[in-house]
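First comes the structure, then the notes that go with it.
Below, read A as the first sequence line, B as the second, and so on, with proteins coming before strands; counting in each chain starts at 1.
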Protein chains: 2
Amino acid sequence: MNKQSTVEIESAAHVLKLLGDKTRLTMMKLLQANECCVCEFVEIFEISQPAVSQHVRKLRDGGLVKETRRGQWIHYSINEESQHYELVQQLLHYLPGQEKHLEELQSKGLRIICK
Amino acid sequence: MNKQSTVEIESAAHVLKLLGDKTRLTMMKLLQANECCVCEFVEIFEISQPAVSQHVRKLRDGGLVKETRRGQWIHYSINEESQHYELVQQLLHYLPGQEKHLEELQSKGLRIICK
DNA sequence: TTATCATATAACAATTTACTTATATAAGCA
DNA sequence: TGCTTATATAAGTAAATTGTTATATGATAA
């Protein structure tokens with residue numbers, strides 16, 4: 001049994017709802033190992049750029065990710081200060097790595113653009 | 001790092017969506033420690049009986065709980081055979097116990113009816 | 001400054017969700 | 001048998017979600 005603090009059920013439900021979407025869950029798993037920018041997500045998920053922005057905004061509003069502007073690009077990464085960081089990490093461990101998506105980008109030469 | 005098998009991201013997202021609702025998440029936390037029947041949930045959540053039935057059906061369809069008929073009552077409990085059992089248990093550990101709801105029922109004398 | 005690129009926001013539409021009330025089913029009991 | 005109780009299903013509805021296209025913002029580069 002781990003030592004772990006509890007969180008309110010309502011706030012946990014909110015986090016789980018955020019993660020209960022295939023696109024956002026895959027984003028989080030990707031971010032667990034890599035910073036990503038919006039343009040990469042657009043390529044990976046094959047949805048419009050606004051759709052990606054709306055997903056990352058939800059994750060940001062929920063405190064799960066943070067953004068860092070690098071010139072004209074905005075990179076997203078896991079927010080380790082989140083109240084739910086530990087819970088989310090535990091959860092993500094159960095998911096298979098999503099590096100295949102990044103490798104596919106690389107092979108298309110699309111990973112370089114925001115570097 | 002725990003030894004743990006991974007599950008498909010799509011199927012994990014589905015489970016997390018089921019848990020991403022305050023009512024269902026509280027139900028699961030209650031079930032972690034107790035069997036409950038529909039009539040108890042009706043009292044606890046102050047929603048209609050059909051609303052409760054619809055929530056437990058979603059949890060059952062997702063394989064997270066199982067039902068046992070006991071006379072005219074149907075008792076629900078955690079399905080330990082679920083592919084997502086381990087993930088769900090880990091998750092529930094982060095939540096505070098919900099026994100207060102059962103104690104409240106008891107004090108109203110409503111816990112006895114389905115025994 | 002103006003053009004371009006990355007991202008965000010606004011407005012809208014289709015779909016899904018979470019309730020409700022009304023009704024059906026299934027077990028227990030007089 | 002017929003009545004009551006527990007639960008499920010059906011049908012309808014309001015609100016939330018997730019996408020779209022159009023447009024705004026903000027940084028860079030000519």
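Annotation for A/Gln89: atom CD counts as buried by contact number, over 12 foreign heavy atoms lying within 6.0 Å.
The interatomic distance linking B/Leu59 (CG) with D/dA8 (P) rounds to 12 Å, in whole Å. Rounding to whole angstrom units, CD of residue B/Glu43 and P of D/dT7 are separated by 11 Å. Distance B/Arg69 CZ to C/dA27 C1': 6 Å, rounded to the nearest Å. Here C/dC5 presents its P atom at 17 Å from CD1 of A/Ile74, a figure rounded to the nearest Å. In this structure, the CD atom of A/Gln72 is 6 Å from the C1' atom of D/dT28, given to the nearest Å. Put simply, CG on B/Asp61 is 13 Å from C1' on D/dT9, counting in whole angstrom units. Put simply, CG on B/Leu18 is 16 Å from C1' on D/dT17, counting in whole angstrom units. Summarising the geometry, the separation between CZ on B/Arg70 and P on C/dG28 is reported as 13 Å, rounded to the nearest angstrom.
Looking at heavy atoms from C-beta onward, A/Leu31 lies in side-chain contact with A/Cys36 at the 4.5 angstrom threshold.
The main-chain N or O of A/Gly63 is found under 3.5 Å from a side-chain atom of A/Asn79 such that the two form a donor-acceptor pair.
With hydrogens and angles left out, the side-chain atoms of A/Ser107 and A/Glu103 include no donor and acceptor closer than 3.5 Å.
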Between the protein and nucleotides 16-22 of chain C, list every N/O to N/O distance that falls short of 3.5 Å.
| residue | atom | partner | partner atom | Å |
| --- | --- | --- | --- | --- |
| C/dA18 | OP1 | B/Asp21 | OD2 | 3.1 |
| C/dA18 | OP2 | B/Arg24 | NH1 | 3.0 |
| C/dA18 | OP2 | B/Arg24 | NH2 | 3.3 |
| C/dA18 | OP2 | B/Lys58 | NZ | 3.2 |
| C/dC19 | OP2 | B/His55 | NE2 | 2.6 |
| C/dT20 | OP2 | B/Ser48 | N | 3.1 |
| C/dT20 | OP2 | B/Ser48 | OG | 2.5 |
| C/dT20 | O4 | B/Gln54 | NE2 | 3.2 |

A/Thr23/A/Phe41 under side chain to side chain contact (heavy atoms under 4.5 Å, CB included): CA gap, chis, key distance, verdict: CA-CA 9 Å; A/Thr23 301; A/Phe41 284 148; over 6 Å; no
Evaluation steps, side chain to side chain contact (heavy atoms under 4.5 Å, CB included), between B/Arg60 and B/Lys66: CA-CA 6 Å; B/Arg60 180 170 48 75; B/Lys66 60 182 193 231; over 6 Å; no
From CA spacing to verdict: side chain to side chain contact (heavy atoms under 4.5 Å, CB included), A/Leu95, A/Thr26: CA-CA 9 Å; A/Leu95 306 180; A/Thr26 308; over 6 Å; no
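The phosphate of C/dA6 has neither OP1 nor OP2 within less than 4.0 Å of any side-chain N or O from A/Tyr76. For D/dA8, the OP1/OP2 oxygens have no side-chain nitrogen or oxygen of B/Arg57 closer than 4.0 Å.
When the nearest nucleotides of DNA chain C are assigned to B/Gly71 and A/Ser53 by heavy-atom distance, the more 5′-ward of the two goes with A/Ser53.
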